[in-house]
J.: 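Structure below; questions to follow.
Chain letters run A, B, ... following the sequence lines, proteins first and then strands; every chain starts at 1. Scope of the values below: all heavy atoms of this structure, side chains included, with no hydrogens, waters or symmetry mates.
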Number of protein chains: 2
Amino acid sequence: MLDRVSRVRRFNRAVTSAVGALDTSFLGRGRPLGAARVLNAIGHGRTDVGDIRDYLGLDSGLMSRLLRSLEDEGLMETTAHGDDARRRIAKLTAAGKREFNAYEAISNRQAKDFLAHHTQREALLAAMDLIASALGRDGTALHEMDPRSDEARYCLGEYYAELARRFKQGFDVKLSRDPDAKDMVRPRGSFIVAMSDGLPIGCVGLKGSSCEFAEIKRLWVAPSARGLGLGRRLMDAAEKAARELGIAVLRLDTNSALAEAGQLYRRSGWTEIPRFNDDPYPDLFFEKRL
Amino acid sequence: MLDRVSRVRRFNRAVTSAVGALDTSFLGRGRPLGAARVLNAIGHGRTDVGDIRDYLGLDSGLMSRLLRSLEDEGLMETTAHGDDARRRIAKLTAAGKREFNAYEAISNRQAKDFLAHHTQREALLAAMDLIASALGRDGTALHEMDPRSDEARYCLGEYYAELARRFKQGFDVKLSRDPDAKDMVRPRGSFIVAMSDGLPIGCVGLKGSSCEFAEIKRLWVAPSARGLGLGRRLMDAAEKAARELGIAVLRLDTNSALAEAGQLYRRSGWTEIPRFNDDPYPDLFFEKRL
DNA sequence: GCATATATCTGACTTTAGTCAGATATCGTC
DNA sequence: GACGATATCTGACTAAAGTCAGATATATGC
């Protein structure tokens, strides 16, 4: 009925008016939106004044005045940065924290009300994740993390669940060659998580070993973040880490049921090689010389 | 990893910054956003000044000044309303139409660029439809339409396609008792389409007949609009139309594969009755006395 | 015809956001 | 310690949005 462009524009219209309502709800506490945004940025852990300025895209003059108005209200204080006295650190006072919590409560209530009005909650949330990841693509950052961190374990859990869904015979980690966490931490290897505004949406592991090659393991991209080129970015980051660690040969194993993965490897300079391990799950093996 | 409320808020953040970018793109034509919004509202067919004011949520003084500024630019003219000379009708001049088209081109280009940057297009569009329908629920309007209109035929096509997917034996309209369009037009019956900002997202038919009962047919709600209570609204509208037409007994047939539909009927006062026709597809039959 | 309601317009005003030039203090480096 | 770079602040300004009290013209009901 509607062509694609019209559908995107219908979405834009729906969301524009919703965002307008969201903004005006923040006006209920008798403070202009600019000041409220600064207060919230500080409350969410941004303390460096320059960082807040960049994040909110404010002019330095305007920023300074907004900080002054929050200080006059007794909601925050600034102190000099320990290492560099030119930089200022913003910190909420007790009153500021109360006020920040009030804004948080408004946001949480709105989100809750929105969900409460719909019975199709999981579908709606999945759609929201998908769009948030697509819109936030430029903001997706890759972080080297410990594979035992909460973020990494969340990714691995999702990864195993997906393998279990996609392999005809299911998937049981215990039967697979599960890499030791230490092999995926520097200086032996690395583990990289893609974070999109607080949500982990992808990961990859670089497993160092005592033999002549290292392995790429656990490449996963959240369903809500596919089609954004994130798999390629993760692989590039893993290769970069491998080069930094002086690794010359990379190998990986995968399964032909994961067609996108195979395509990605072939398109980015990997060549198929014969089986090099006895893991029961993979049926495709690749190598890349750096 | 993130709880539901946090996921909704992540979506809100992603979308807020995207909408900001969308707004600033409209500034490129040297006109403040307010004036551009009014120009676009007129271009999209809103001619009544009061209507535009309500739609954009503007103060009457501000609205008046924005109209004046567009008039000074030679982009529009106002005339008195035929029936009520207090009301004013806004109309774009040739120059105004050109300017409106330029804004349309900006919006279309942005939508196209957005799609071009993603390979997962259908998933993304489905997510956008879902969210636009959810956000636009209050704006969803039910319209009585001819079952042969484009909107109705689109809905029926989607409905048949869904039956074909959900019935084990598939679905072929020709084998089913396809109601005559004339039986679903006043004064015999009615056909109602739910429109959400230009997109048909649901329908229901009321089929009058010469026997002692009328039938509810073709109740359909787009997958992107489920969980919003739209099925209930459509059924209520169909019952209202039936009462207006002096119909006392309603019947319908359905299939137990369509569990949501059966639930809806049971919860809204319908009682199961024995088979009353020889259509091969249904296996559940209901009646409701008005 | 007259009072009252309604739709729009005008003028005077405020608030918010944003811009820009320059002041002030501090940092890093030679 | 001088010098240029950097981070923040201050003052002076503008543009845009929004508010509010009337003015004007027209409609509606008695």
J.: Can you tell me if A:Ser196 and B:Arg10 form a side-chain donor-acceptor pair at under 3.5 Å?
T.: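 Side-chain D/A pair, A:Ser196 to B:Arg10: present.
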
J.: Give a yes or no on whether a salt bridge exists between A:Arg109 and A:Asp113, defined as a side-chain N under 4.0 angstrom from a carboxylate O.
T.: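 Salt bridge flag = yes for A:Asp113 with A:Arg109.
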
J.: With sugar-phosphate meaning primed atoms plus P, OP1 and OP2, does B:Arg65 contact a base, only sugar-phosphate, or nothing at under 4.0 Å between heavy atoms?
T.: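 Base, at least one base heavy atom under 4.0 Å.
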
J.: Nearest heavy atom decides the nucleotide; on that basis, is B:Asp59 or A:Gly82 closer to the 5' end of DNA chain C?
T.: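 Mapping each residue to its closest nucleotide by heavy atoms, the 5'-most match is B:Asp59.
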
J.: Applying the side-chain contact (heavy atoms from CB on, under 4.5 Å) criterion to A:Thr140, which one of A:Leu199, A:Ile201, A:Asp197 satisfies it?
T.: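 In the set A:Leu199, A:Ile201, A:Asp197, the residue that makes a side-chain contact (heavy atoms from CB on, under 4.5 Å) with A:Thr140 is A:Ile201.
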
J.: Report the distance from atom CG of A:Asp23 to atom C1' of C:dT16, rounded to the nearest whole Å.
T.: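 So the two atoms are 14 Å apart, to the nearest Å.
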
J.: Where the side chain of B:Ser133 meets the backbone of B:Asp129, is there a donor-acceptor pair that is under 3.5 Å apart?
T.: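 Such a contact is found between B:Ser133 side chain and B:Asp129 backbone.
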
J.: Between A:Arg9 and B:Glu104, is the salt bridge (Lys or Arg N to Asp or Glu O under 4.0 Å) condition met? List the steps.
T.: CA-CA 10 Å; A:Arg9 292 189 56 189; B:Glu104 284 291 285; 3.0 Å; yes

J.: Roughly, in whole Å, what's the span from CG in A:Leu27 to P in C:dT16?
T.: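 Answer to the nearest Å: 8 Å.
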
J.: Rounded to whole Å, how long is the line connecting atom CG of A:Leu66 with atom P of C:dA17?
T.: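 Between P of C:dA17 and CG of A:Leu66: 7 Å.
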
J.: Hey, is NE2 on A:His117 packed in by over 12 heavy atoms from elsewhere, all under 6.0 Å?
T.: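 No, because the 6.0 Å sphere around NE2 of A:His117 holds 12 heavy atoms or fewer from other groups.
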
J.: Do B:Thr78 side-chain atoms and B:Arg88 backbone N/O form a donor-acceptor pair below 3.5 Å?
T.: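 It does not hold such a pair.
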
J.: Quick check: does any side chain N or O of A:Ser69 sit under 3.5 Å from a backbone N or O of A:Leu66, one acting as donor and the other as acceptor?
T.: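 Such a contact is found between A:Ser69 side chain and A:Leu66 backbone.
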
J.: Please tabulate the protein-to-nucleotide N/O contacts below 3.5 Å involving nucleotides 4-7 of chain C, giving atom names and distances.
T.:
from  : atom 1 : to      : atom 2 : distance (Å)
C:dT6 : O4'    : B:Arg86 : NH1    : 3.2
C:dT6 : O2     : B:Arg86 : NH1    : 3.0

J.: Calculate the interatomic distance between A:Leu58 atom CG and C:dT19 atom P; express it in whole Å.
T.: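 Taking atom P of C:dT19 as the reference, CG of A:Leu58 is at 10 Å.
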
J.: How are the rings of B:Phe26 and B:Tyr103 set relative to one another: parallel (under 30°), tilted (30 to 60°) or perpendicular (over 60°)?
T.: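 Geometry flag for B:Tyr103 against B:Phe26: tilted rings.
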
J.: As a test of your reading of the structure, name each stem of DNA chain D as range with range, where a stem is three or more consecutive Watson-Crick or G-U pairs at under 3.5 Å.
T.: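 Stem list for DNA chain D: C:1-30 with D:1-30.
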
J.: In whole angstroms, how far is the P atom of C:dT16 from the CG atom of A:Leu70?
T.: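 From A:Leu70 CG to C:dT16 P: 13 Å.
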
J.: What closest approach, in Å, do A:Ala238 and A:Leu206 show between heavy atoms, and which atom pair accounts for it?
T.: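 In this case the closest contact between A:Ala238 and A:Leu206 is O-CD2, 3.9 Å.
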
J.: If each of A:Gly61 and B:Pro32 is mapped to the nucleotide of DNA chain D with the nearest heavy atom, which maps nearer the 5' terminus, i.e. the 5' end?
T.: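 Per heavy-atom nearest nucleotide, the more 5' residue is A:Gly61.
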
J.: Of all the heavy-atom pairs spanning A:Leu125 and B:Val8, show the shortest one and how long it is.
T.: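 That closest heavy-atom pairing would be CD2-CG2, 3.8 Å.
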
J.: Mind checking which nucleotides bracket the chain B contacts on DNA chain D, 5' to 3', with an atom under 4.0 Å from a heavy atom?
T.: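 From 5' to 3', the first and last contacting nucleotides are D:dA16 to D:dA27.
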
